[in-house]
Amino acid sequence: RNLMLLRIAQKEILLHVRESRFLWVAGLFCGLVVLGTALMSRDYARRLETYHTSLSAERRETFAVDGSQSIPRQVRALVNDRGIFAFRRPQELAPLASGLESATPTQIHVSDTRSWSRQANESNYQNPLLGLFPRPDFSYVVASILSLVALFFTFDAVCGEKWSGTLRLMMSTAVSRDRVLVGKWIGSMVTLGIPFVLAILLGMVLLIVIGGVTPSGPTLARMAGIAGLGLLYLSLFVTIGLAVSVLARRPSSSLLICLTLWVASTLVLPNLLASVGRRLRPAQSYQQMQKRGIDREVREEYARLRRENREKKISDEERQRLGRLGWEEGEAEKGRIAEAYLRSTGAQVTVSQALSRASPAACLTYAASELADTGLGYYQRAQAAYAQYRRDFREYARRLRREADEEKLQSDWLQAEEIPALTIRSSTLGETVDAIATEVIVLA
């Protein structure tokens, strides 16, 4: 029986290899994966160069202190007027799965009075049409194109032989139906897997050569995980094609059903189910208006205290104390509003992600982006790192101002090692495996 299974798989492999579509599929796999990885690797190398250039320029600007001014004035010019810019290093595996990296701010500016973070706006310096199309990373190519190729390979695996009469001849040899299906599945996976693995290896080499990615142990493990996800995803569509081929009467009907399932699972369901989740758990959309209202109240309170000070109703010390107290209360209230907003958006994300897991393409995207450390976990850690950086800088700024007022600072008061650093923690392999377990189970 095992010999019969191997013969069926061998027959399926030879049948595919002898056809011209095998060469077409091999060229398509290698061409799309290699071209997409090469383009994304070059983009990563450019962004990494921009990151290092920005760091050097910021360091020069930070230490360009006007020595002719007094030390208290130098301190306030830095921590209040100019502030500090910090930059986020691009993720090295983003060419394989860009995930949410494009939505994660690339830089943050902080001072003791304000802070903001933003994504570097490169749309003014590139072809505007590029914004209309998805980024051709590895996960997108596998999810949207190679899965369709897998269906083309198997849509007529059973109904085609039934239509031509060869299936009746095969079943007359007393071979069981399950071995026929398993043999065809193995043959299709081997035929698709060889060019797929070759394309992956070429893409990894380009990522290391063009992108300059360091092939360390954890990095290679993440690359292997992404490649394994791609194979699992292809095997799913091979199985779907076989299932439809068993149920359909004609190859034309099977092809139409396969195309419908592909469109629904890769193009319709991910966006549709994510939008349903947004409707089921709407997030607070007026938090910015609430924050502006608090800022307006704080400014009005400052104006009232200044008037009372001019009218000699309160002293300068009392005005400063009350003004500082009002500002701290306003900041605390804005923090509570922000926390409520983050809780509501977190619940919305959870619902949307749970619903969209009904789509294989969404599962592949979620899992691949987590393996590349560009997914939702990275986005949340980046936002937490930005918030921590704001707190660290304000503590640093207040300490400098206090020591400057007490005349404790010398001319070399600005030290690079004392300036807070932006640090975004990377996920461990264990955390990543836990994060993608649900998506892998759903695909399997």
Side-chain angles (χ1 to χ4, degrees), residues 1-30 32 142-199 228 230-269 358-361 363-364 441-444:
R1 292 181 178 181
N2 293 332
L3 181 61
M4 181 61 68
L5 176 64
L6 293 177
R7 287 180 176 177
I8 294 174
Q10 183 181 13
K11 165 186 168 293
E12 199 72 16
I13 294 173
L14 292 176
L15 181 64
H16 288 311
V17 171
R18 289 172 181 173
E19 294 184 357
S20 59
R21 65 178 175 179
F22 174 74
L23 294 177
W24 176 77
V25 165
L28 185 66
F29 272 34
C30 294
L32 289 177
V142 173
S144 301
I145 301 174
L146 302 190
S147 58
L148 182 61
V149 175
L151 289 177
F152 281 153
F153 248 67
T154 55
F155 79 93
D156 60 347
V158 177
C159 62
E161 293 198 18
K162 187 190 330 183
W163 186 256
S164 63
T166 57
L167 184 62
R168 185 187 300 272
L169 180 62
M170 183 187 301
M171 301 303 297
S172 67
T173 61
V175 61
S176 61
R177 295 182 178 185
D178 59 333
R179 280 177 170 74
V180 172
L181 288 177
V182 173
K184 286 182 173 293
W185 188 90
I186 293 175
S188 298
M189 280 302 301
V190 171
T191 309
L192 288 172
I194 291 175
F196 181 75
V197 172
L198 178 61
L231 282 173
L232 177 61
Y233 188 77
L234 285 183
S235 71
L236 170 62
F237 279 85
V238 167
T239 307
I240 291 174
L242 277 174
V244 174
S245 181
V246 169
L247 299 175
R249 292 179 177 271
R250 300 180 180 181
S252 57
S253 301
S254 177
L255 178 60
L256 182 60
I257 295 173
C258 286
L259 287 176
T260 303
L261 292 175
W262 177 82
V263 170
S265 61
T266 60
L267 302 180
V268 178
L269 284 180
S359 165
C363 288
L364 175 67
I441 291 173
V442 170
L443 287 176

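Taking 4.5 Å as the limit, some side-chain heavy atom of Phe29 sits within range of a side-chain heavy atom of Leu234. Side-chain contact between Leu181 and Val158: present, with at least one pair of heavy atoms (C-beta onward) separated by less than 4.5 Å. Leu146 is not listed as a side-chain neighbour of Tyr233, based on a closest heavy-atom distance of 4.5 Å or more. With a 4.5 Å cut-off on side-chain heavy atoms, Leu259 and Leu148 count as touching. Leu236 has its side chain out of reach of Leu232: every pair of non-hydrogen atoms, C-beta onward, lies at least 4.5 Å apart. Within the 4.5 Å cutoff, side-chain heavy atoms of Cys30 are placed close to those of Leu198. You'll find the side chain of Val268 reaches within 4.5 Å of the side chain of Val263, heavy atoms only.
Taking every heavy atom of both residues into account, Val238 and Ala150 meet most closely at CG2-CB, 4.0 Å. When every heavy atom of Leu269 is checked against every heavy atom of Ser359, the shortest pair comes out as CB-CB, 3.8 Å. Of all heavy-atom pairs between Val442 and Cys363, the closest is CG1-SG, 3.7 Å. Among all heavy-atom pairs drawn from Cys159 and Ser245, the shortest one is N-OG, 2.9 Å. Between Ala143 and Ala361, the shortest heavy-atom distance links the atoms CB-CB, 4.4 Å. The two residues Pro251 and Asp156 come nearest to each other via the heavy atoms CB-CB, 4.2 Å.
Residues in residues 145-177 take part in these ring-ring contact (aromatic ring centres under 6.0 Å, His included) pairs, two or more places apart or across chains: His16-Phe153. Pairs of residues two or more places apart, or lying in two chains, that qualify as side-chain hydrogen bond (donor to acceptor under 3.5 Å, both in side chains) and include a residue from residues 184-193 are Glu12-Lys184, Glu161-Lys184, Trp185-Thr239. Counting only residues at least two apart or on different chains, no salt bridge (Lys or Arg N to Asp or Glu O under 4.0 Å) pair has a member in residues 232-253.
With rounding to the nearest 0.5 angstrom, the CD1 atom of Ile194 is 11.0 Å from the CE atom of Met189. Within the model, atoms OG of Ser235 and CG of Leu242 stand 11.0 Å from one another, a figure rounded to the nearest 0.5 Å. One finds the CD1 atom of Ile240 at 9.0 Å from the OG atom of Ser147 (value rounded to the nearest 0.5 Å). Considering CG of Leu32 and CD1 of Ile145, their distance stands at 5.0 Å, rounded to 0.5 Å.
Side-chain N or O atoms of Thr266 include one that pairs as donor or acceptor with a backbone N or O of Trp262 at under 3.5 Å.
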